[in-house]
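Below is one structure, written out as structure tokens; comments come after it.
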2 protein chains.
Amino acid sequence: MARTTGSDGEKTEAAVREAAVSLIARLGYEAMSMRQLAAEVGVQAAALYRYFPTKEDLLFTLMREHMAGLIEAWDAARPAAADPATRLAAYVENHIAFHIERRHSTHVSNMELRSLSHDRLTQILKLRTAYEKELRVILRDGAEAGVFDVEDTGLTAMALIQMMTGVIVWFRPGERLSISEVTATYLSMTMRLVGAKAHGGTTTCSAAAGEQRTL
Amino acid sequence: MARTTGSDGEKTEAAVREAAVSLIARLGYEAMSMRQLAAEVGVQAAALYRYFPTKEDLLFTLMREHMAGLIEAWDAARPAAADPATRLAAYVENHIAFHIERRHSTHVSNMELRSLSHDRLTQILKLRTAYEKELRVILRDGAEAGVFDVEDTGLTAMALIQMMTGVIVWFRPGERLSISEVTATYLSMTMRLVGAKAHGGTTTCSAAAGEQRTL
DNA sequence: GAATTAATTGAACGTTCGTTTTATTATCCG
DNA sequence: CGGATAATAAAACGAACGTTCAATTAATTC
């Protein structure tokens, strides 16, 4: 047999992407076979190669679009011109919302980097670095303005990102906590961690602690 | 040929373990072939099966011993009976020291869980939960004693552990920061995050950073 | 120094992998 | 309605996989 009734390239490609994200997140890139993926889509393995020339191309596409989506989401959510605390809050909220919403895709982009070729790894890391830099800038601005108390901007940014991204490890929608509850708690932990002076009230944390080093 | 001069079962097994941790951390469990591992050890693939009946047995052994080592390290480092802040500081210091020291093995234990059978996954997760519970107890004690300000003990524990474990992603020994600098910064971030009242002083959480025990 | 045991090799097994090729059918366009 | 093209199936490719087995040699024991 050959072309099946009702077959449509766009729909098939979208189905492949979706199934691939789910399968790779669950089994891992190396453990997922192209035949398994094809079966999930309801197609023969050879049909996949109409849309993605190699298995690695498929992985790279998924990762690139995940990172692009993350940056896009932040571009849409970032406050125009605001104080560091407001910008930090927006960053935290966007980060957590995005990562909870795209748990599988985040899993893939974080765990399967080693399966990329050198060049493609570099491309993905460049996107990631650009996204992380946004947070470092916020922290630096806040530290310079004296509203944050941060010892080391780069280290703090990494710590915050790992803390926030880690939410996908344990969070399951519909369980004990809602997304907004989780976000609120992470937001308050973040503000304490960076020693943010309360939005108008007295100081919560800070005082001593040395001058900050720039990265 | 057959047995080689100077061959010794114990030494070979140790070499296999060491090479396996390094290779799996670098390539991933699925991507590492038994022939690759054997070549790294300087032996034929068949020789590996003298020590580990299957590839998964090898992985499981590495993980089990990693988790056992972590719990053992904490048992040795835990303060006998102390206030929550001191215990939390000890937990953070032990956690970071252990994870930096055993970066590769941590990578394996955190990233390759999905390659375990159901039973073995359960065993590893049981160990991990037991270790994490130690932190939750510290946080709860501190919250009940009024020396910590924690909204949600479980969530805070997960956030802290992910933040601390994340150090292995970016930390490289001999670069910008020393282990003790990193530990000190993480300790101060932790104390602020949990809203710790200073050890004996009057205010501010970041003061805890100054009082730092050596690693 | 012979018998036994420990450690390893080299070759092979069947399976599965990613991928390619070729043929076949549905759909679209005139 | 008929030719072009898009979408797939079916079968096959060589390579690599985890693993097993028999043969062989080093070390140990008596």
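Chain A is the first sequence line, chain B the second, and so forth, proteins listed ahead of strands; every chain is numbered from 1.
For His99(B), the ring-ring contact (aromatic ring centres under 6.0 Å, His included) partners are His95(B), not counting sequence neighbours. For Tyr91(A), the ring-ring contact (aromatic ring centres under 6.0 Å, His included) partners at least two apart in sequence or on another chain are Trp74(A), Tyr131(A). Qualifying salt bridge (charged side-chain N to carboxylate O under 4.0 Å, His left out) partners for Asp119(B), counting only residues two or more places apart in sequence or in other chains: none. The ring-ring contact (aromatic ring centres under 6.0 Å, His included) search around His66(B) returns Phe98(B), not counting sequence neighbours. With sequence neighbours left out, the side chain to side chain donor-acceptor pair (under 3.5 Å) criterion links Glu72(A) to no other residue. Qualifying side chain to side chain donor-acceptor pair (under 3.5 Å) partners for Ser178(B), counting only residues two or more places apart in sequence or in other chains: Ser180(B), Glu181(B).
Residue Tyr51(B) has a polar side-chain atom (N or O) positioned under 4.0 Å from OP1 or OP2 of dT8(C). Between Thr12(B) and dA7(C), a side-chain N or O to OP1/OP2 separation shorter than 4.0 Å is absent.
Between Tyr49(A) atom OH and dA10(D) atom P there is a gap of 18 Å when expressed in whole angstrom units. A straight line from CG of Leu48(B) to C1' of dC17(D) spans 14 Å, rounded to a whole angstrom. Rounded to an integer number of Å, the gap from Lys11(B) NZ to dA6(C) P is 18 Å.
Comparing dA11(C), dA9(D), dA7(D) against the side chain of Ala47(A) picks out dA9(D) as the nearest.
Listed in residue order, the members of residues 17-44 of chain B having a heavy atom less than 4.0 Å from DNA chain C are Arg35(B), Val43(B), Gln44(B). Residues from residues 52-66 of chain A that place a heavy atom under 4.0 Å from any atom of DNA chain C, listed by number: Thr54(A), Lys55(A).
Within the structure, every pair that satisfies the side chain to side chain donor-acceptor pair (under 3.5 Å) test and touches residues 15-27 of chain A, not counting sequence neighbours, is listed here: Glu13(A)-Arg17(A), Arg17(A)-Glu65(A), Ser22(A)-Arg26(A).
Comment: Arg120(B) engages Asp57(B) in a salt bridge, judged by a side-chain N to carboxylate O separation of less than 4.0 angstrom.
Between Arg50(A) and Ala45(A), the residue whose closest nucleotide on DNA chain D is further toward the 5' end is Arg50(A).
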